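Working notes, beginning with the structure itself.
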Amino acid sequence: MLFGRTTLSKFVIEQTRGQHSDMGALLIDVAAAVKSISALVGKGALSGFSGSAEATNVQGEEQKKIDVLANEAILRHCEWGGQLAGMASEELDAPYAIPAAYPRGRYLLVFDPLDGSSNSDVNVSVGTIFSILHRAEAGDAESSDFLRPGTEQLAAGYAIYGPATMLVLTVGTGTHAFTLDRESGNFILTHPDIRVPEATREFAINTSNERFWEPPVQRYVSECKAGKTGIREADFNMRWIASMVAEVHRILMRGGIFMYPKDNKDPAKPGRLRLLYEANPMAMLIEQAGGAASTGRGRILEVAPEKLHQRVPVILGSREEVERLERYHYEYDTGADRPYASPLFAERSLFRD
Ligand code: AHG
Ligand code: MN
Ligand code: MN
């Protein structure tokens with residue numbers, strides 16, 4: 001079929017007609033920003049923007065030149081249209097105020113302009129993650145307006161800059177993926193209504209942190225690694241790309257589980273990933289595709305944010321495995337996974353004097 005396929009513009013206009021048509025216009029601007037970033041990232045070393053920006057962001061992380069440019073791309077593409085009350089980004093300490101020259105709207109755009117940017121200089125997939133929240137009225141957003149739980153997201157998505165550039169989107173009616181046709185410049189709906197398989201034998205975690213994990217995560221991963229000879233009685237496979245977008249994309253396409261759990265590497269940080277612009281949008285996309293997304297102790301989407309750049313433990317993907325990990329956390333928290341250490345056992349012990 002040469003023409004007549006569903007473009008991203010057609011999809012969002014149809015899906016947001018009526019109450020949220022302004023959000024449809026905003027999503028089309030987000031897609032335009034994504035195309036600009038895709039073109040830049042796709043040039044690789046030829047862009048002249050490889051390497052460090054010689055600066056750190058509010059989270060103390062080194063910014064790459066490409067992080068700063070991707071951030072600019074989204075601000076410039078989305079600030080003018082009159083749909084937004086404000087924006088917040090991984091690369092900006094405080095929310096971005098809409099310039100005086102432009103009208104204000106009631107939507108809030110929150111984003112990680114370039115996720116996995118440690119991979120950008122080695123030509124491995126990176127991405128952009130975004131989430132749309134709203135406030136009651138049009139106007140200038142304050143920081144507190146952004147501190148809403150993920151259940152209130154109206155839309156969420158990511159772009160992955162891989163061999164193909166894809167945009168994966170939910171507006172609360174399933175998770176749908178579009179592939180960029182580089183010749184026509186259109187995003188074409190290629191993967192409608194994605195479903196994450198409920199069972200999987202593939203896990204993704206940075207095992208170099210194993211000694212810092214909590215016991216339930218150590219238990220889960222050691223059982224996976226024991227394979228056929230262990231209690232799971234099945235061999236597992238492992239993947240780690242160090243780009244959350246690429247891990248989530250693989251899980252949406254063929255199932256799996258991704259973990260960046262709580263660890264005690266730095267007690268000030270309850271996890272590595274940021275709630276508002278990494279964990280929440282991915283959790284919405286995964287749930288809308290029938291998967292699950294948890295901190296290990298509850299649904300990510302129900303976490304009440306206290307700070308813009310707050311971090312959160314992330315366990316997401318195929319439902320059966322996420323639920324198993326929740327059970328392991330519960331058993332650990334109640335002591336049920338160590339019956340021999342429980343006071344009950346001590347009372348009944350033959351060796352008690
Ligand atoms: P960012 O590049 O936006 O800072 O995010 C990187 C994140 C995420 O993409 C990935 O899952 C994780 O950091 C990689 O962490 P390790 O460096 O521990 O592998
Ligand atoms: Mn990121
Ligand atoms: Mn980033």
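Since this is a predicted model, take the numbers as computed values, not measurements. Both ligands and their constituent atoms are indexed starting at 1 by order of listing.
Checked by atom type and distance alone, the side chain of Glu198 never pairs as donor or acceptor with a backbone atom of Ser318 at under 3.5 Å. For the pair Asp115 (side chain) and Val245 (backbone), a donor-acceptor distance under 3.5 Å is present.
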Please list every donor-acceptor pair under 3.5 Å in which a side-chain atom of residues 22-37 meets a protein atom from a residue at least two apart or in another chain.
unit_1: Lys35; atom_1: NZ; unit_2: Gly185; atom_2: O; d: 2.7
unit_1: Ser36; atom_1: OG; unit_2: Ala32; atom_2: O; d: 3.4
unit_1: Ser36; atom_1: OG; unit_2: His77; atom_2: NE2; d: 2.9

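Residues that satisfy the salt bridge (Lys or Arg N to Asp or Glu O under 4.0 Å) test with Lys225, not counting sequence neighbours, are Glu210.
Taking the charged nitrogens against the carboxylate oxygens, Arg232 and Glu321 do have a contact shorter than 4.0 Å, which makes a salt bridge.
Ordered by chain and residue number, the residues placing a heavy atom less than 4.0 Å from ligand 1 are Glu61, Glu90, Asp112, Leu114, Asp115, Gly116, Ser117, Asn206, Trp240, Ala242, Ser243, Met244, Phe258, Tyr260, Arg272, Leu273, Arg274, Glu278.
Counting only protein N, O or S atoms closer than 2.8 Å to the Mn ion (ligand 2) gives 3.
Within a 6.0 Å sphere centred on CG of Asp266, heavy atoms belonging to other residues, nucleotides or ligands number more than 12. The neighbour count for Glu137 CD, taken as heavy atoms of other residues, nucleotides or ligands under 6.0 Å away, does not exceed 12.
The hydrophobic cluster containing Ile194 also contains Met244, counting ILVMFWY residues as joined when their side-chain heavy atoms lie under 4.5 angstrom apart, directly or transitively.
Between Phe258 and Trp240, the ring planes are parallel. Angles under 30° get that label, and only those over 60° would be called perpendicular.
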